[in-house]
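Quantities reported herein were computed from a predicted structural model and do not represent experimental measurements. Keep in mind that the numbers below use all heavy atoms, side chains included, and drop hydrogens, waters and symmetry copies. In this chain, numbering begins with 1 at the start of the sequence shown.
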Amino acid sequence: MPLYAGFDLGGTQVKYGLLDERNRIVFKDKAPTPAGMEELLELFGELWQRLKKRQSRKIKAVGLGIPGIFSLSEQKILQSPNIPALDGFDLHPALSRVMDVPFWIDNDANMAAYGEFRAGAGKGVLNMIHLTLGTGVGSGILIDGNLLHGSCGFAAEMGHIVVNPEGERCNCGSLGCLETEAAAGPIVRNYRKLAGIDENLTPEEIARRARQGDRNARKAYGLAGYYLGIGLGSAINLLNPEKILIGGGIMESGDLLLPRAIEEARARSYRASFSCCSIEKASLDNDAGLIGAACWAREQLSKEKR
Ligand SMILES: [Zn+2]
C-alpha cells in the first residue's frame, strides 16, 4: 500500500509524517523551524530523505501546509506574519530541487481543515468550518466537499473578520478581528485588565484560576467566547455549515468559552441555520495539519491521473 507525506510548517516547529491509504499515520515526528529560508529548504530536504529511508513502501506524493497568504496561481507566499523569511519567496521552484515526487503547497489552516474533513471530527461533512484557536486564529472552510480557496487562494481567513469594531489593532491592519478578540493574547489581555495586574500569565494559568473560582479569569474567557460567538453567528448566516469544528491550544479550556460562544452564535444567527449546525471540538489536535496535507496531496495526485 503506497504512502503519502504531509508537512505542517509552523512558527516554531515543522511537523511531518506519513499516511497510508486509509489515512492512518504510520510515522510522525517534528523538528524546530529554522529562521532563514536557506536553512528551511535544507531542512525540508533532510526530512524528506529521512522519510524515504524509513520506508520500503513508495511515497507517492507530498503535501505542505505553509503559514500565511499563499498565492495559488503564482505558487508564492505573499505574506507570512509568523515566518517573515517566507514573505515573497518563490517556494515551488525551490522545493522542486528538493522533492523528487509530485508535491502540493497550500495554506496551513486549509490543510488542517482538510485533515478534519478526511480523517477527523468532520469526516464526510461536506459543509464545514474549522477554526484553530491559539496564538492566532486559523481557519479553513469546506463547501460541498471542496476547500474554499476564493479567486486567488486567500479565502477563509475567518480570524480576520471584524467582531468588535472598537477593538484592538490587528497584524492584518484592521481593528477588532476575531484574532485580536478571541485568541490566547486577548484572553491574557482581558484578564490583566480586569484584575488590574501587570503579571505575564499564560492562558493555561488563567484557566486554572478560573476553575478555582477567580471571577476575572472566568470573565476573561467569557469575553473571548462572546466575540467568538459573534464571529460564528455571522459564519452560520453566511455559509449554513453542518459543523463548526474548533481546535487549537485554547480549546483545552474550551468549557470556559464554548458555552458562551454557542449562546452568542444562537442569538446572532437565523434559527433555522443555527439549528442545522453543530459546534464541536475538533478531534485531530496537532496532527490535523500534517494529516490534511498528506490527504490533499493524495487527492490532487488522483485528480491529475483522472
Ligand atoms: Zn486581522
Side-chain angles (χ1 to χ4, degrees), residues 4 6 8 19 21-24 61 63-66 68-73 75 102-133 137-161 178 228-248 261-262 265-266 268-284 287-306:
Y4 299 86
D8 181 18
L19 247 67
E21 292 216 306
R22 291 188 189 146
N23 297 337
R24 290 177 305 203
L64 300 106
I66 304 290
I69 302 284
F70 181 71
S71 164
L72 283 178
S73 56
Q75 290 285 300
F103 66 92
W104 283 268
I105 311 166
D106 210 301
N107 173 270
D108 59 345
N110 284 348
M111 294 297 92
Y114 201 71
E116 291 287 344
F117 169 63
R118 282 289 178 215
K123 206 168 173 178
V125 179
L126 299 181
N127 292 286
M128 59 164 264
I129 299 171
H130 177 250
L131 289 178
T132 309
L133 302 185
V137 176
S139 65
I141 296 173
L142 280 119
I143 303 287
D144 298 331
N146 296 306
L147 260 185
L148 178 68
H149 278 110
S151 59
C152 305
F154 313 145
E157 287 290 341
M158 235 188 98
H160 299 283
I161 61 169
L178 192 56
L228 173 62
I230 293 177
L232 298 185
S234 298
I236 289 169
N237 280 343
L238 190 65
L239 300 170
N240 182 207
E242 182 184 336
K243 272 193 187 183
I244 297 177
L245 298 172
I246 311 179
I262 293 172
R266 185 203 309 271
R268 289 173 187 265
S269 56
Y270 268 116
R271 197 184 306 158
S273 196
F274 180 84
S275 60
C276 296
C277 177
S278 137
I279 301 171
E280 298 170 21
K281 261 182 103 162
S283 67
L284 300 177
D287 295 333
L290 77 90
I291 292 175
C295 291
W296 182 248
R298 177 179 152 198
E299 176 88 13
Q300 300 312 303
L301 187 69
S302 76
K303 264 188 201 161
E304 259 187 8
K305 284 182 178 165
R306 258 175 240 157

Interatomic spacing from [atom1] in [X] to [atom2] in [Y] - rounded to 0.5 Å:
X	Y	atom1	atom2	value
Asn107	Ile69	CG	CD1	7.0 Å
Cys277	Met128	SG	CE	11.0 Å
Tyr4	Leu301	OH	CG	6.0 Å
Ile279	Ile244	CD1	CD1	4.5 Å
Ser269	Leu232	OG	CG	9.0 Å
Leu228	Leu133	CG	CG	6.0 Å

Residues in side chain to side chain contact (heavy atoms under 4.5 Å, CB included) with [X], at least two apart?
X	result
Tyr270	Asn237, Ser273
Ile143	Asn127, Ile141, Leu148, Leu239
Ala121	Glu116, Leu245, Ser283
Ala235	Ile129, Met158

_Under the rule for ring-ring contact (aromatic ring centres under 6.0 Å, His included), what residues qualify as partners of Phe103, not counting sequence neighbours?_
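Here the qualifying residues are His92.
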*Qualifying salt bridge (Lys or Arg N to Asp or Glu O under 4.0 Å) pairs with a residue from residues 228-248, counting only residues at least two apart or across chains*: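 Residue pairs with at least one partner in residues 228-248: Lys243-Glu280.
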*Only pairs at least two apart or in different chains count here, so list each salt bridge (Lys or Arg N to Asp or Glu O under 4.0 Å) that has a residue in residues 142-155.*
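Pairs touching residues 142-155 that pass the test: none.
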*asked:* Taking side-chain hydrogen bond (donor to acceptor under 3.5 Å, both in side chains) as the definition, give me every residue that meets it alongside Ser71, ordered by chain and number, with sequence neighbours left out.
replied: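 Checked Ser71 against side-chain hydrogen bond (donor to acceptor under 3.5 Å, both in side chains); matches are Ser73.
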Of all the heavy-atom pairs spanning [X] and [Y], show the shortest one and how long it is.
X	Y	result
Ala156	Gly140	CB-CA, 4.2 Å
Ala265	Ile236	CB-CD1, 4.3 Å
Leu131	Ser139	CD2-CB, 3.4 Å
Leu142	Leu147	CD2-N, 3.8 Å

_For residues 145-161, which residue pairs pass the side chain to side chain donor-acceptor pair (under 3.5 Å) check, not counting sequence neighbours?_
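Only Asp106-His149 qualify under side chain to side chain donor-acceptor pair (under 3.5 Å).
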Does the side chain of [X] reach to within under 4.5 Å of the side chain of [Y], using non-hydrogen atoms?
X	Y	result
Phe274	Ile262	yes
Leu72	Cys152	no
Lys281	Ile246	no

What pairs of donor and acceptor atoms, side-chain ones from residues 288-299 against any protein atom, are under 3.5 angstrom apart with sequence neighbours left out?
from   : atom 1 : to     : atom 2 : distance (Å)
Arg298 : NH1    : Glu21  : O      : 2.8
Arg298 : NH1    : Asn23  : OD1    : 3.1
Arg298 : NH2    : Glu21  : O      : 3.3
Glu299 : OE1    : Tyr114 : OH     : 3.3
Glu299 : OE1    : Arg118 : NH2    : 3.0

*Take Glu304 and Trp104 through the side chain to side chain contact (heavy atoms under 4.5 Å, CB included) test and state the conclusion after the steps.*
CA-CA 12 Å; Glu304 259 187 8; Trp104 283 268; 3.6 Å; yes
*Using the test salt bridge (charged side-chain N to carboxylate O under 4.0 Å, His left out), find all partners of Arg24 that sit at least two apart in sequence or belong to another chain.*
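Partners of Arg24 by the salt bridge (charged side-chain N to carboxylate O under 4.0 Å, His left out) criterion, ordered by chain and then number, come out as Asp20.
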*Evaluate the criterion side chain to side chain contact (heavy atoms under 4.5 Å, CB included) for residue pair Ile105 and Phe70; output intermediate values, then yes/no.*
CA-CA 8 Å; Ile105 311 166; Phe70 181 71; 3.7 Å; yes
